[in-house]
S.K.: 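One structure, pasted below without further comment.
Lettering follows sequence order; numbering is per chain, from 1.
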Amino acid sequence: MTKQKPARVRFAPSPTGMTHLGSARTALYNYLLAHQTNGQFILRIEDTDRKRYNPESEIDLISSLKWLGLNWDEGPDIGGPYAPYRQSERKDIYQSYAQKLIDMGYAYPCFCTQNRLNELRKEQQKRKVNPKYDRKCRDIPPLEAAKRVANGESHVIRFKTPLTGSITVHDYLRGDITVNNKQLDDFIIVKSDGLALYHLAAMVDDHLMGITHVFRGEEWLSTFPFHAHIYRAFGWEEPVWIHLSVFLNPTGKGKMSKRFAQQMRLKGNSIFIKDIRKMGYIPEGVINWIVLMGWSFDDKTEFFTLNDLVNNFSIDKLNPSPAAIDFKKLDYFDGLHIRALSKSELAKRLKPFYLKAGYSIDDSVLDKVIPLIQVRLHTLNEAPEISGFFFADHVNPNPNDLIGKHLTIDESIIAAHESYKLLSDLTEFSPSSLEQPLRQLAEKLGLKAGQLFGILRVAITGQKVSPPLLESMEIIGKETVLNRITIAIDLLKSIEGQPNQS
RNA sequence: GCCCCCAUCGUCUAGGGGACUAGGACGUAGCCCUUUCAAGGCUAAGACGGGAGUUCGAAUCUCCCUGGGGGCACCA
């Protein structure tokens, strides 16, 4: 790999909601670039909007990123050479830079009330013209404006966007983008409460913190020229701008929205990391899944660990077109990574999920169960469902399921009974010692092995679908196996003569 | 309405003028393996949105159209 200069990158979410797939992927790309260039990954909280601030979301953010393994080198919790990393604590910095802009003639105080602005916008929308500030305060003589500010008159600060000409900005994935300045508004950069808006705050921070690459969502593309204006007004060197595509609904129609996110949850899927974790997906699977939505390595390789990605990631292979979320693929990747886990690691991760499902776990039993279920799992949540019977005191088969395929109840009872007799005579209880006798019994009864195994499977595991039967029997042990068969025979007898038999 | 971005199988994508009868993966279907379910193996169906150019040659370059997406806040 070619030696790259260390990148300083930042993930800068605003704490207004739960961390979702889109932000996780942005954070991931940041992390990867930082690590492969031996640079720094910075976490910065963009909480300049007090009204939308949600303290829970910051907690959620930290736990989500940590769970994914995307640790940062500088951030609000651990500090760093450019602290503070929370924008609400950097108010004075932004103010001084806003003042510089005013002094240089690139910005001006605006005394228009919000009321007037709303009216203006309404009127413009009615006339079907582009809603924009009419620049009423732009030409107030600076001295007069300064006086009014000094007098404490409520005001915001706006950027004085050039009225003519055009600006060309460069996005790494899309190349040059040229926009006429007259399309641009005189954006507000400092609110009347004195706090800077993203437009100013993020630019100042990115510059001050030495950010070399900015990953952000495509939704910033339209204000991109404006941000470049700010950089250029200050004469700062611009970072590499990389606007990432948005995530689309699984249907491919429309952006992933709050409304759709709710619908997803109803269907048992979620775009929120917190939910995904709860559903039993493992971070390795999630990482592998999201990294491929908008990035690829080549035409074949698709399995990646975080470490693989650090070595192989490249911003050159990023794809600017939007991607639809495919949850089926998450199951696939998660299964892949579950299978890649060591037995002991899987056991460790599985335990809380059994506990949550109400099972108490015997570690030595769990160790024996793991090899049977590892290949069958897509999420950790599935483990209690398919293998809870190993840890349960009783199983509760549906009596009708105990009836062998194409058999009557009587025939099923006989089969179960004969099995009981056979098994109780065995001293060794292992797959190899069980297999031949059971197959011979099936033959003797005129049954296919599958018919007999089916009856025993339901009797012993309580399920029609289970891990391999003989291996399961070994783990469960002779005594419990015989008990469960006895109960199954009783169950079969209880439905004998009832109309509902199949 | 105005501005901007995007465009290969249903989905994620490879492809950056000839190596393309367009490759891989998920999903789907079939077969194999098999005590169920998985996992695995094999096979199949499945795409360059349309139209003009440029070129000996275009999925690849240009333009137009269409479609999709994003933005137009004292939100980020």
Side-chain angles (χ1 to χ4, degrees), chain A residues 12-16 46-49 51-52 110 112-114 117-118 121 124-125 127-132 154-158 171 173-174 177-180 182-185 187-193 195 197-199 201-202 216-225 243 245-246 248 250-255 289 292-303 317 319-333 335-336 339 372-378 382 386 405 435 438-439 442 448-454 456-458 461 463-470:
Chain A
S14 72
T16 55
E46 310 222 319
D47 57 349
T48 51
D49 186 351
K51 274 174 287 193
R52 295 202 309 156
C110 168
C112 294
T113 63
Q114 260 190 83
L117 264 19
N118 291 149
R121 191 161 35 240
Q124 283 166 331
Q125 277 165 348
R127 272 171 40 216
K128 301 222 173 201
V129 297
N130 214 356
K132 238 179 351 182
S154 176
H155 67 284
V156 299
I157 298 174
R158 288 183 182 270
D171 172 73
L173 304 180
R174 295 154 230 267
I177 299 167
T178 301
V179 176
N180 284 325
K182 65 170 178 235
Q183 287 301 331
L184 270 24
D185 206 349
F187 281 91
I188 294 171
I189 53 178
V190 178
K191 290 181 281 186
S192 53
D193 66 3
L195 243 182
L197 250 50
Y198 174 92
H199 301 310
R216 37 148 49 168
E218 199 185 340
E219 64 270 22
W220 291 108
L221 220 41
S222 59
T223 43
F224 180 21
H243 292 89
S245 62
V246 294
L248 268 25
T251 59
K253 301 257 177 208
K255 186 172 98 149
W289 180 50
L292 257 13
M293 302 178 74
W295 175 84
S296 62
F297 177 67
D298 61 13
D299 60 342
K300 302 202 156 46
T301 321
E302 51 160 20
F303 181 91
K317 306 283 265 174
N319 185 179
S321 52
I325 295 174
D326 180 2
F327 286 102
K328 288 253 179 64
K329 213 155 182 167
L330 171 57
D331 283 345
Y332 167 73
F333 279 115
L336 233 42
R339 275 173 262 143
L372 263 43
I373 62 171
Q374 184 162 25
V375 78
R376 280 160 241 271
L377 257 27
H378 302 99
E382 291 168 352
I386 66 171
K405 211 174 179 188
E435 180 153 11
L438 281 172
R439 284 188 186 280
K448 290 203 169 126
Q451 290 176 299
L452 181 62
F453 281 57
L456 293 176
R457 182 186 311 284
V458 176
T461 70
Q463 306 165 184
K464 286 203 283 193
V465 171
S466 82
L469 180 64
L470 305 179

S.K.: Have a look at A:V246 and say if it touches a base, only the backbone sugar-phosphate, or nothing, with a 4.0 Å heavy-atom cut-off.
M.R.: sugar-phosphate
S.K.: Just how far, in rounded Å, is P of B:C12 from CD of A:E302?
M.R.: 16 Å
S.K.: From the list B:G69, B:G40, B:A14, which nucleotide is the closest neighbour of the side chain of A:R339?
M.R.: B:G40
S.K.: Please figure out whether A:N130 or A:M293 has its closest RNA chain B nucleotide nearer the 5' end.
M.R.: A:N130
S.K.: Rounding to a whole Å, what distance do you find between A:R376:CZ and B:G40:C1'?
M.R.: 12 Å
S.K.: For B:G10 versus B:G71, give the span between their C1' atoms, rounded off to a whole number of Å.
M.R.: 29 Å
S.K.: Minimum heavy-atom separation for A:R216 to A:H243, with atom names?
M.R.: NH1-NE2, 2.9 Å
S.K.: Using whole Å, report how far NZ of A:K448 lies from P of B:U36.
M.R.: 12 Å
S.K.: Assess whether atom NZ of A:K448 is packed by more than 12 heavy atoms of other residues, nucleotides or ligands within 6.0 Å.
M.R.: no
S.K.: Does the side chain of A:K328 get closer than 4.0 angstrom to OP1 or OP2 of B:G10 through an N or O atom?
M.R.: no
S.K.: Side chains of A:R457 and A:S466: donor-acceptor distance under 3.5 Å anywhere?
M.R.: yes
S.K.: Using a cut-off of less than 4.0 Å, is there contact between a side-chain N or O of A:K51 and OP1 or OP2 of B:C75?
M.R.: yes
S.K.: So if I take every side-chain heavy atom of A:E219 and compare against B:C4, B:A73, B:G70, which nucleotide ends up nearest?
M.R.: B:G70
S.K.: With nearest nucleotide decided by heavy atoms, which residue, A:L221 or A:L377, maps closer to the 5′ end of RNA chain B?
M.R.: A:L221
S.K.: What is the nucleic acid contact for A:A324, judged by heavy atoms within less than 4.0 Å: base, sugar-phosphate only, or nothing?
M.R.: sugar-phosphate
S.K.: Given B:A76, B:C6, B:A73, identify the nucleotide with an atom nearest to the side chain of A:P322.
M.R.: B:C6
S.K.: From the set B:C12, B:G1, B:A76, return the single nucleotide nearest to any side-chain atom of A:P131.
M.R.: B:G1
S.K.: On a whole-Å scale, what distance lies between the C1' atoms belonging to B:C2 and B:C20?
M.R.: 42 Å
S.K.: Would a 4.5 Å heavy-atom cut-off, applied to side chains only, mark A:S192 and A:S154 as touching?
M.R.: yes
S.K.: Please tell me which of the listed nucleotides, B:G71, B:A76, B:C2, lies nearest to the side chain of A:R52?
M.R.: B:A76
S.K.: Using a cut-off of 4.0 Å on non-hydrogen atoms, how would the nucleic acid contact of A:P13 be classed: base, sugar-phosphate, or nothing?
M.R.: nothing
S.K.: Apply side-chain contact (heavy atoms from CB on, under 4.5 Å) to the pair A:F187 and A:R158, showing each step before the final yes or no.
M.R.: CA-CA 5 Å; A:F187 281 91; A:R158 288 183 182 270; over 6 Å; no
S.K.: Out of B:U13, B:U35, B:A14, which has the shortest distance to the side chain of A:A323?
M.R.: B:U13
S.K.: Counting side-chain heavy atoms from C-beta on, which of B:G69, B:U35, B:U36 comes nearest to A:E218?
M.R.: B:G69
S.K.: B:A76 phosphate, OP1 or OP2: any side-chain N/O from A:Y198 under 4.0 angstrom?
M.R.: no
S.K.: With a 3.5 Å cut-off and heavy atoms only, can you find an N or O donor on one side and an acceptor on the other between the side chain of A:D299 and the base of B:G15?
M.R.: no
S.K.: Identify whether any heavy atom of A:G294 sits under 4.0 Å from a base atom; if not, whether one sits that close to sugar-phosphate; answer base, sugar-phosphate or nothing.
M.R.: sugar-phosphate
S.K.: Nearest whole Å is fine: how far is B:C75 P from A:E46 CD?
M.R.: 14 Å
S.K.: When the distance from NE2 of A:H199 to P of B:A76 is rounded to whole Å, what number comes out?
M.R.: 8 Å
S.K.: What nucleotide among B:C37, B:C74, B:G69 has an atom nearest to a side-chain atom of A:V465?
M.R.: B:C37
S.K.: Could you identify the nucleotide paired to B:G16, looking across every strand shown and requiring Watson-Crick or G-U wobble geometry with both distances under 3.5 Å?
M.R.: none
S.K.: Please work out which of the three classes, parallel, tilted or perpendicular, describes the rings of A:F327 and A:W289, given edges at 30° and 60°.
M.R.: tilted
S.K.: At less than 3.5 Å, do the side-chain atoms of A:K329 and the base atoms of B:C12 form a donor-acceptor pair?
M.R.: yes
S.K.: Could you state the CD1-P distance from A:I177 to B:G69, rounded to the nearest angstrom?
M.R.: 19 Å
S.K.: With hydrogens left out and only the distance checked, is there a donor-acceptor pair under 3.5 Å joining A:S222's side chain and the base of B:C72?
M.R.: no
S.K.: Considering only atom C1', compute the distance from B:G70 to B:C75 and round it to an integer number of Å.
M.R.: 16 Å
S.K.: For B:G68 and B:A73, measure between their C1' atoms and round to the nearest Å.
M.R.: 25 Å
S.K.: Taking a pair as Watson-Crick or G-U wobble with both distances under 3.5 Å, which nucleotide is matched to B:C9?
M.R.: none
S.K.: Is the shortest side-chain N to carboxylate O distance from A:K329 to A:D326 below 4.0 Å?
M.R.: no
S.K.: Categorize A:I325 for me: base, sugar-phosphate, or nothing, with a 4.0 angstrom heavy-atom threshold over every strand shown.
M.R.: nothing
S.K.: B:A25 and B:G41: how far apart are their P atoms, nearest whole angstrom?
M.R.: 9 Å
S.K.: For B:C72, give its Watson-Crick or G-U wobble partner with both distances under 3.5 Å, or none.
M.R.: B:G1
S.K.: Describe the nucleic acid contact of A:S466 in one word from base, sugar-phosphate, nothing, applying a heavy-atom distance below 4.0 Å.
M.R.: base
S.K.: Would you measure the distance from the C1' atom in B:C72 across to the matching atom in B:U11 and give it in whole Å?
M.R.: 31 Å
S.K.: For A:D185, answer base if it contacts any base atom (sugar-phosphate contacts may also be present), sugar-phosphate if it contacts only those atoms, and nothing otherwise; contact means non-hydrogen atoms under 4.0 Å.
M.R.: nothing
S.K.: Given B:A14, B:C12, B:A38, which nucleotide is nearest the side-chain atoms of A:V375?
M.R.: B:A38
S.K.: Check every strand shown and say whether A:K128 touches a base, only sugar-phosphate, or nothing at a heavy-atom separation below 4.0 Å.
M.R.: sugar-phosphate
S.K.: What contact category does A:P468 fall into here, base, sugar-phosphate, or nothing, at under 4.0 angstrom with non-hydrogen atoms?
M.R.: base
S.K.: Between B:A76 and A:T48, is there an OP1 or OP2 to side-chain N/O distance shorter than 4.0 Å?
M.R.: yes
S.K.: Which is true for A:W220 with a 4.0 Å heavy-atom rule: it touches a base, it touches only sugar-phosphate, or it touches nothing?
M.R.: base
S.K.: Partner of B:C61 by Watson-Crick or G-U wobble geometry, both contacts under 3.5 Å, or none?
M.R.: B:G53
S.K.: Using modelled atom types and a 3.5 Å cut-off, is there a donor and acceptor pairing between side-chain atoms of A:K317 and backbone atoms of A:F297?
M.R.: yes
S.K.: How would you label the contact of A:L292 with the nucleic acid (heavy atoms, under 4.0 Å): base, sugar-phosphate, or nothing?
M.R.: sugar-phosphate
S.K.: Is the shortest side-chain N/O distance from A:S296 to OP1 or OP2 of B:A14 below 4.0 Å?
M.R.: yes
S.K.: Assess whether one donor atom and one acceptor atom, taken from the side chain of A:K300 and the base of B:A14, lie less than 3.5 Å apart.
M.R.: no
S.K.: Applying a 3.5 Å limit to both distances, which nucleotide forms a Watson-Crick or G-U wobble pair with B:G27?
M.R.: none
S.K.: Considering every strand shown, what is the Watson-Crick or G-U wobble mate of B:G40 when both distances are under 3.5 Å?
M.R.: B:C32
S.K.: Classify the nucleic acid contact of A:H243 as base, sugar-phosphate or nothing, counting any heavy atom under 4.0 Å across all strands shown.
M.R.: nothing
S.K.: At under 4.0 Å between heavy atoms, what does A:Q114 touch on the DNA or RNA strands: base, sugar-phosphate, or nothing?
M.R.: base
S.K.: So, does A:Q124 use its side chain to make a donor-acceptor pair with the main chain of A:V129 at under 3.5 Å?
M.R.: no
S.K.: Choose from B:C74, B:U11, B:C3 the nucleotide whose nearest atom is closest to any side-chain atom of A:D326.
M.R.: B:U11
S.K.: Classify A:K317 by what it touches in the nucleic acid, base, sugar-phosphate, or nothing, heavy-atom distance under 4.0 Å.
M.R.: sugar-phosphate
S.K.: Is the phosphate of B:G1, meaning OP1 or OP2, less than 4.0 Å from a side-chain N or O of A:R127?
M.R.: no
S.K.: Taking A:K132 for its side chain and A:K182 for its backbone only, find out whether a donor-acceptor pair lies under 3.5 Å.
M.R.: yes
